[in-house]
Amino acid sequence: MEKALELIFIPSAGMGHLVSAVEMAELLVARHDRLFITVFIMKLPFDSKGTESYIASLEASPVSTRVKFITLPKVPAIDKNISPNSFRNQFIESHKSHVKNAVAKLTESESESRPRLAGFVIDMFCTTMIDVADEFGVPTYMFFTSPAGFLGLLFNLQRIRDVYNKEVNEFKDSDAELALPTFVNSVPANVLPSVLLDKEGAKAILGYAKRFRETKGILVNTFTELESHALDSLSDGETPPLYPVGPILNLKDDDSQSGSEQAQQKSDVLEWLDDQPPSSVVFLCFGSMGSFGEEQVREIAWGLERSGLRFLWSLRQPPPKETVASPSDYSDPKAVLPEGFLDRAVGIGKVIGWAPQVAILAHPAIGGFVSHCGWNSTLESLWFGVPIATWPMYAEQQLNAFELVRELGLAVEINMEYRRDFYGESPKVVKAQEIEKGIREVMAQNSDLRKRVKEMSEKSKKALMDGGSSHSSLGHFLDQIFL
C-alpha cells in the first residue's frame with residue numbers, strides 16, 4: 001500500500017490567510033486518502049472576535065479526520081510602535097522555535113502507521129520557515145493567497161532591484177508607468193502596494209520574494225482562465241513550478257464564525273434581501289479591516305442617496321486612533337451618518353455592521369459589490385457572478401483593482417489609488433460624485449461588464465470540476481508530493 005504522507009501548513013496570522021489555508025487543506029485531503037495535514041495557527045495579539053470564533057470552531061469540529069490544528073504558544077509581546085513590516089517579521093520569526101518544537105513532537109513517534117513528513121506548505125510571509133523545513137530535510141511549497149499578477153510583480157521588482165539596483169520606493173508619488181511581463185498594460189506607480197513604496201517595506205517583501213525561488217512549487221489561489229497572461233509570463237524557467245488551483249473559497253455557512261447575535265443579524269439581512277427585486281441591490285463591504293472616518297462615511301451616504309439605488313451597507317467603526325485592532329460595529333450609526341439619512345433610506349437601503357458576505361453575495365437580489373478588492377472577496381464575487389466597483393484600501397488591493405478594471409475588464413472603478421496606513425488613516429476622501437458614478441456603472445443591467453462577469457463565473461466553477469484546469473493542476477501537485 002502507498003505510504004501515507006503528512007504536510008505541515010503554516011499560514012500567516014489573520015482571517016484571510018487562515019481561511020484560505022484551511023480550505024486548501026480540506027481540498028487536498030479530499031483528493032487523496034493517504035494524505036494528512038496539520039495546520040499551525042499563529043494568533044495575533046489583536047485578533048478579532050470573528051477570528052477567535054473561527055479558530056475555536058476549527059478546534060472543536062475539524063473539517064476532516066485527516067486535518068488537525070495546532071495553535072502555537074503565544075509569543076512575547078512585540079512593541080506596537082514599530083513599523084508594520086518590522087512587527088510582521090518579528091511576529092513570524094518569534095514563532096520559529098515553536099514550529100520546530102511542534103514538528104519535532106509530531107515526528108518523534110516513528111512507526112509504520114504514522115504518516116511520513118513530506119514537506120511544509122507556507123504562506124508568502126512565512127519564508128523564514130524554509131529554514132525549519134531544511135532542518136527536517138523536507139521540501140517547502142508555498143500557498144500564495146493573492147493573484148498571480150501580484151506574484152509576478154514581486155518577482156519582477158525583486159529582479160529589477162537585485163540586477164539594476166533600482167529601489168521601488170523611488171516610484172512613490174511619481175507618474176511613472178512600469179512595463180512588466182506579468183501585465184498586458186503598463187502598471188501605474190500609483191497602484192503599487194503601499195508596502196513597496198516604503199523603503200523598509202520594499203526591502204522586506206522583496207526579500208520574501210527572493211526566497212520564494214527556494215520553494216519546490218507554488219500553489220496559487222487563481223485559475224488559468226482568469227489570469228492566463230500572468231501565469232504564462234511566470235513559466236520562465238526561473239520560477240518554481242506554479243499550480244493554479246483556485247478559486248479556493250470558504251462557501252460554507254458563515255455561522256461557524258459568528259455567535260447567536262450575528263446569526264440573528266444574518267437572518268434579518270437575508271429576510272430584507274428576500275423582499276428586494278433580483279439584481280437590484282448594491283452591496284458595500286470592505287473586508288475584516290475595512291472602516292472609514294466620519295467625513296468619508298458621509299460622502300458614501302450622499303453618494304448612495306444621490307444614486308437612488310437600493311443598497312446594503314456594512315458600516316464598521318474604526319478602532320481608536322494609533323491603535324492596531326479590527327473594526328467593530330457601531331452602537332448607533334446615526335452618530336456618523338448625515339442627519340435623516342436612515343429615515344430617508346427606509347424601504348430602499350439598509351445599514352448593517354458585520355456582514356455574512358458569502359450569504360449576501362449568493363443572494364439573487366445583489367446586483368453589484370463595492371469592494372476593497374481583497375483577493376478572497378474578489379474570487380467570491382466572481383464565483384457568484386456579481387460585478388465589482390473597486391475601492392482598494394491596503395495590501396495588494398490597489399494592484400488587484402488595476403488588474404480587474406484594466407487587464408481583465410471585470411470591474412469598474414470608484415477609485416483605484418485610495419489607500420490607508422497601518423492605523424486605518426487615509427489622506428484622501430473619495431467624493432460622493434465618484435461614488436455615485438461607480439455605483440451607477442456597476443449596477444447597469446445588461447451591460448457588457450455584467451455579461452463578462454457571468455461568463456467568468458461559469459469558468460471559475462468549471463475550473464474546479466473533474467477535468468477542469470484547477471482540478472488538473474491540483475492533481476499534478478499531488479503527483480509531485482507522492483513521487
Side-chain angles (χ1 to χ4, degrees), residues 2-12 17 20-42 66-68 70 72 92-93 95-110 114-146 148 151 154-155 158 207-222 231 234-246 248 470 472-483:
E2 190 175 31
K3 175 71 175 172
L5 299 180
E6 180 173 28
L7 290 173
I8 301 293
F9 268 52
I10 309 177
S12 291
H17 293 265
S20 292
V22 171
E23 294 301 314
M24 183 76 254
E26 186 175 5
L27 187 60
L28 281 166
V29 297
R31 284 285 297 274
H32 204 296
D33 60 9
R34 302 292 292 164
L35 182 65
F36 293 75
I37 292 175
T38 299
V39 182
F40 289 172
I41 298 173
M42 295 183 273
R66 288 183 287 118
V67 179
K68 62 183 179 181
I70 293 177
L72 297 170
I92 294 172
E93 193 72 29
H95 281 84
K96 216 168 176 178
S97 61
H98 294 315
V99 168
K100 186 176 177 179
N101 293 339
V103 176
K105 192 172 180 182
L106 283 173
T107 56
E108 66 186 7
S109 56
E110 288 296 336
R114 200 200 170 282
R116 177 174 63 82
L117 181 61
F120 285 20
V121 179
I122 63 169
D123 185 89
M124 65 174 287
F125 295 118
C126 298
T127 53
T128 189
M129 299 302 174
I130 294 173
D131 302 333
V132 183
D134 288 346
E135 287 186 49
F136 286 93
V138 296
T140 303
Y141 303 89
M142 185 169 69
F143 178 40
F144 195 74
T145 54
S146 294
L151 178 61
L154 293 179
F155 277 137
Q158 178 254 322
Y208 298 146
K210 194 167 188 174
R211 297 210 71 182
F212 294 172
R213 298 185 190 278
E214 299 176 39
T215 63
K216 198 172 180 181
I218 303 175
L219 296 153
V220 189
N221 192 7
T222 190
L231 290 164
L234 288 164
S235 301
D236 56 7
E238 295 180 30
T239 306
L242 295 188
Y243 302 95
V245 294
I248 306 298
S470 294
S472 299
S473 188
L474 192 66
H476 295 322
F477 173 72
L478 285 165
D479 289 344
Q480 172 71 38
I481 296 292
F482 279 89
L483 271 178

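Below, all heavy atoms of this structure are taken into account, side chains as well, without hydrogens, waters or symmetry copies.
- Taking the six-membered ring where the residue is Trp, the centroids of Y243 and Y141 are separated by 6.0 Å or more.
- To the nearest 0.5 Å, atoms CG (D131) and CZ (R211) are separated by 4.5 Å.
- From T215, atom OG1 reaches atom CZ of F120 across 14.0 Å, with rounding to the nearest 0.5 Å.
- Proximity of a side-chain donor or acceptor of S473 to a complementary backbone N or O of P244 within less than 3.5 Å is detected.
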Test side-chain contact (heavy atoms from CB on, under 4.5 Å) on L151 and T222 and set out the steps.
CA-CA 11 Å; L151 178 61; T222 190; over 6 Å; no
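- Interatomic distance, NZ of K100 versus CE of M129, reported as 12.0 Å (0.5 Å rounding).
- Considering all non-hydrogen atoms of both residues, I481 and L5 come closest at O-CD1, 3.4 Å.
- With S470 contributing its side chain and G246 its backbone, the two residues share a donor-acceptor pair below 3.5 Å.
- A 4.5 Å side-chain heavy-atom check between I37 and E26 finds every atom pair outside the cut-off.
- Considering only residues two or more places apart in sequence or on other chains, E93 meets the side chain to side chain donor-acceptor pair (under 3.5 Å) condition with K96, T128.
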Could you walk me through whether V132 and I8 pass the side-chain contact (heavy atoms from CB on, under 4.5 Å) test, one step at a time?
CA-CA 11 Å; V132 183; I8 301 293; over 6 Å; no
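- Taking CG from L219 and CE from M142, the interatomic distance works out to 9.0 Å, rounded to the nearest 0.5 Å.
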Verdict with supporting geometry, F143 and H17, side-chain contact (heavy atoms from CB on, under 4.5 Å)
CA-CA 10 Å; F143 178 40; H17 293 265; over 6 Å; no
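- In terms of heavy-atom proximity, L234 sits nearest to T239 at O-CB, 3.4 Å.
- L231 and A148 make their closest contact through CD2-CB, 3.8 Å (heavy atoms, listed as atom of the first residue, atom of the second, distance).
- Heavy atoms only, all atoms of each residue included: K216 and P241 are closest at O-CD, 3.5 Å.
- Pairing each heavy atom of F212 with each of P240, the nearest pair is O-CG, 3.5 Å.
- Remark: aromatic rings of F40 and H95 are distant, center separation not under 6.0 Å.
- Partner E6 forms a side chain to side chain donor-acceptor pair (under 3.5 Å) with one of R116, R66, R114 and no other, that one being R114.
- Distance check, rounded to the nearest 0.5 Å: CD1 of I218 to CD1 of I122 gives 9.5 Å.
- The structure places CD1 of I248 at 7.0 Å from CG of L474, a figure rounded to the nearest 0.5 Å.
- Aromatic ring orientation, H32 versus F482: parallel (interplanar angle below 30°, classes split at 30° and 60°).
- Between V220 and S146, the shortest heavy-atom contact is CG1-O, 3.7 Å.
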Verdict with reasoning, M24 to V245, per side-chain contact (heavy atoms from CB on, under 4.5 Å)
CA-CA 9 Å; M24 183 76 254; V245 294; 3.8 Å; yes
